[in-house]
Amino acid sequence: MPPSARHDAWQAGDSYEAYMGRWSRPIAARFLDWLGLPGGLDWLDLGCGTGALTQAILRQSDPAGVLAIDPSEGFIATARRALDDPRVEFRLGDAAALATLPEASRDAAVAGLSLNFIPDRVAALREMRRIVQPGGTVAFYVWDYPGGGMGFMRAFWDAAAALDPAARDLTENRRFPFCTREGLAALARDAGLEPEVIAMESPSVFRNFDDFWHPFTLGAGPAPGYCMSLSPDARERLRARLSETLPRQADGSIALGTRAWAVRARV
Ligand SMILES: C[S@@+](CC[C@H](N)C(=O)[O-])C[C@H]1O[C@@H](n2cnc3c(N)ncnc32)[C@H](O)[C@@H]1O
């Protein structure tokens with residue numbers, strides 16, 4: 001694990017849901033709208049986490065089956081509790097587990113907000129391509145970290161780095177510089193795919209400062225993992241700095257946008 005990944009905390013499913021679920025679920029639905037695939041397909045969801053994309057596939061895409069894989073026991077347990085559906089199989093494993101799946105055994109292989117966390121992402125995409133049958137779809141989406149597409153994370157890390165210069169190396173825009181339209185297209189091409197890339201944008205509005213801050217104190221995900229690694233005093237300094245610097249709307253809410261890049265390719 002690279003040192004910059006040491007705060008990647010992928011265990012507590014409920015805490016992750018409070019931090020990310022409210023933003024990742026709408027984006028999963030948008031992604032499937034864009035794919036526009038017919039019903040009756042066999043899907044793979046790589047890095048399924050707590051099941052945001054898996055659930056959207058069940059709701060929107062009328063699948064024959066979904067094999068949903070993630071290396072986090074806690075996340076898989078949360079997803080299993082939330083999605084009791086005979087069409088889904090949750091399996092504990094990382095991207096390397098794809099090697100155990102037969103060639104051309106799926107119609108669609110997708111990954112929601114997870115590809116950037118996979119150390120060898122080109123290998124993962126190659127495996128997704130291998131297990132999808134000709135004419136099928138390989139597709140994924142990630143946040144536009146370099147372009148500031150995760151406004152609330154950028155605000156958090158800007159404040160953190162102002163107080164602790166070492167935090168600069170932990171920011172997702174430094175860790176995942178390839179999460180640009182061109183970078184992702186190049187990744188897909190390296191894996192032998194002919195990609196199409198679009199931006200998916202949506203607002204993220206926090207009711208008030210507590211609504212913004214509380215999820216960072218739950219410890220699930222890189223920024224919350226960092227937040228909870230701080231001493232109580234250092235955490236309070238960070239909270240105070242964010243509280244002073246975040247722009248508020250007239251009603252006290254905090255509006256920060258999200259943008260993800262979505263990539264799809266036919267096999
Ligand atoms: C930001 S979460 C996204 C989860 C979910 N797909 C969603 O949209 O909410 C990233 C996920 O990637 C998973 N992950 C991390 N390393 C991985 C790897 N090597 N192979 C597969 N998944 C991985 C984590 O366990 C985590 O569930």
Side-chain angles (χ1 to χ4, degrees), residues 1-24 47 49-50 70-75 94-95 113-122 124 142-180 182-184 187 204 206 208-248 254-261:
M1 181 196 287
S4 59
R6 67 186 179 279
H7 296 300
D8 287 9
W10 306 125
Q11 291 96 26
D14 293 342
S15 301
Y16 173 81
E17 276 295 301
Y19 171 60
M20 186 53 77
R22 56 180 159 170
W23 317 121
S24 67
T50 50
D70 198 278
S72 162
E73 267 180 58
F75 282 12
D94 62 12
L113 306 176
S114 56
L115 195 75
N116 52 297
F117 293 106
I118 297 174
D120 192 344
R121 29 204 164 255
V122 173
V142 295
W143 297 121
D144 173 12
Y145 298 110
M150 253 338 222
F152 69 90
M153 281 186 203
R154 177 64 72 89
F156 174 90
W157 285 121
D158 282 351
L163 298 169
D164 169 15
R168 220 175 293 281
D169 291 335
L170 305 174
T171 61
E172 283 88 351
N173 46 317
R174 287 244 177 140
R175 291 177 59 194
F176 309 127
F178 53 86
C179 288
T180 60
E182 299 73 26
L184 296 168
L187 262 186
S204 59
F206 298 87
N208 50 39
F209 182 73
D210 281 347
D211 191 34
F212 171 91
W213 174 250
H214 179 65
F216 288 108
T217 66
L218 299 175
Y226 168 80
C227 188
M228 295 317 286
S229 75
L230 296 172
S231 68
D233 282 355
R235 192 159 51 247
E236 176 49 29
R237 280 194 293 279
L238 176 56
R239 193 198 70 78
R241 185 178 180 96
L242 278 161
S243 176
E244 279 159 23
T245 54
L246 276 174
R248 312 286 212 284
I254 298 167
L256 300 160
T258 70
R259 182 172 50 253
W261 297 113

Between E236 and R239, does any NZ, NE, NH1 or NH2 come within less than 4.0 Å of an OD or OE carboxylate oxygen? yes
Looking only at heavy atoms, which two atoms of C179 and V142 are closest? And how far apart? SG-CG2, 3.7 Å
Note: T258 and M150 closest approach over all heavy atoms is CG2-SD, 3.8 Å
Between R235 and L238, is any pair of side-chain heavy atoms under 4.5 Å apart? no
Looking only at non-hydrogen atoms, find the nearest pair between R154 and N173 and report the distance. NH2-ND2, 3.6 Å
When every non-hydrogen atom of L170 is compared with those of R175, the smallest separation belongs to O-CD, 3.3 Å
Beyond-backbone contact of I118 with N116, side-chain heavy atoms, under 4.5 angstrom: no
Any donor-acceptor pair under 3.5 Å linking the side chain of R259 with the backbone of G147? yes
Euclidean distance, C227 SG relative to L218 CG, rounded to 0.5 Å: 9.5 Å
Nearest heavy-atom neighbours spanning A95 and A124: CB-CB, 4.0 Å
Between R174 and P146 (side chain of the first, backbone of the second, donor and acceptor by atom type, cut-off under 3.5 Å), is there such a pair? no
L113 side, atom CG; M20 side, atom CE - distance, nearest 0.5 Å: 6.5 Å
Is the F156 ring parallel, tilted or perpendicular to the Y226 ring (thresholds 30°, 60°)? perpendicular
Does a side-chain heavy-atom distance below 4.5 Å link W157 with R168? no
With no hydrogens and no angle check, is any side-chain donor or acceptor of D144 less than 3.5 Å from a backbone partner on G149? no
With F117 as partner, the option from Y145, F176, W143 fulfilling ring-ring contact (aromatic ring centres under 6.0 Å, His included) is F176
Go through the steps to decide whether L184 and R121 satisfy the test side chain to side chain contact (heavy atoms under 4.5 Å, CB included), and finish with yes or no. CA-CA 10 Å; L184 296 168; R121 29 204 164 255; over 6 Å; no
Suppose we screen for ring-ring contact (aromatic ring centres under 6.0 Å, His included). Which residues come up paired with Y19, at least two apart in sequence or across chains? F152, F216
Do L115 and L187 come within less than 4.5 Å of each other through their side chains, counting heavy atoms only? yes
Least distance between heavy atoms, R241 atom then L163 atom: CD-CG, 4.0 Å
Intermediate values then yes/no, side chain to side chain donor-acceptor pair (under 3.5 Å), D233 and S231: CA-CA 5 Å; D233 282 355; S231 68; 5.6 Å; no
Can you tell if the side chain of F206 reaches within under 4.5 Å of the side chain of R248, non-hydrogen atoms only? no
Nearest 0.5 angstrom please: T50 OG1 to F75 CZ, how far? 6.0 Å
Walk me through whether S204 and F212 qualify under side chain to side chain contact (heavy atoms under 4.5 Å, CB included). CA-CA 10 Å; S204 59; F212 171 91; over 6 Å; no
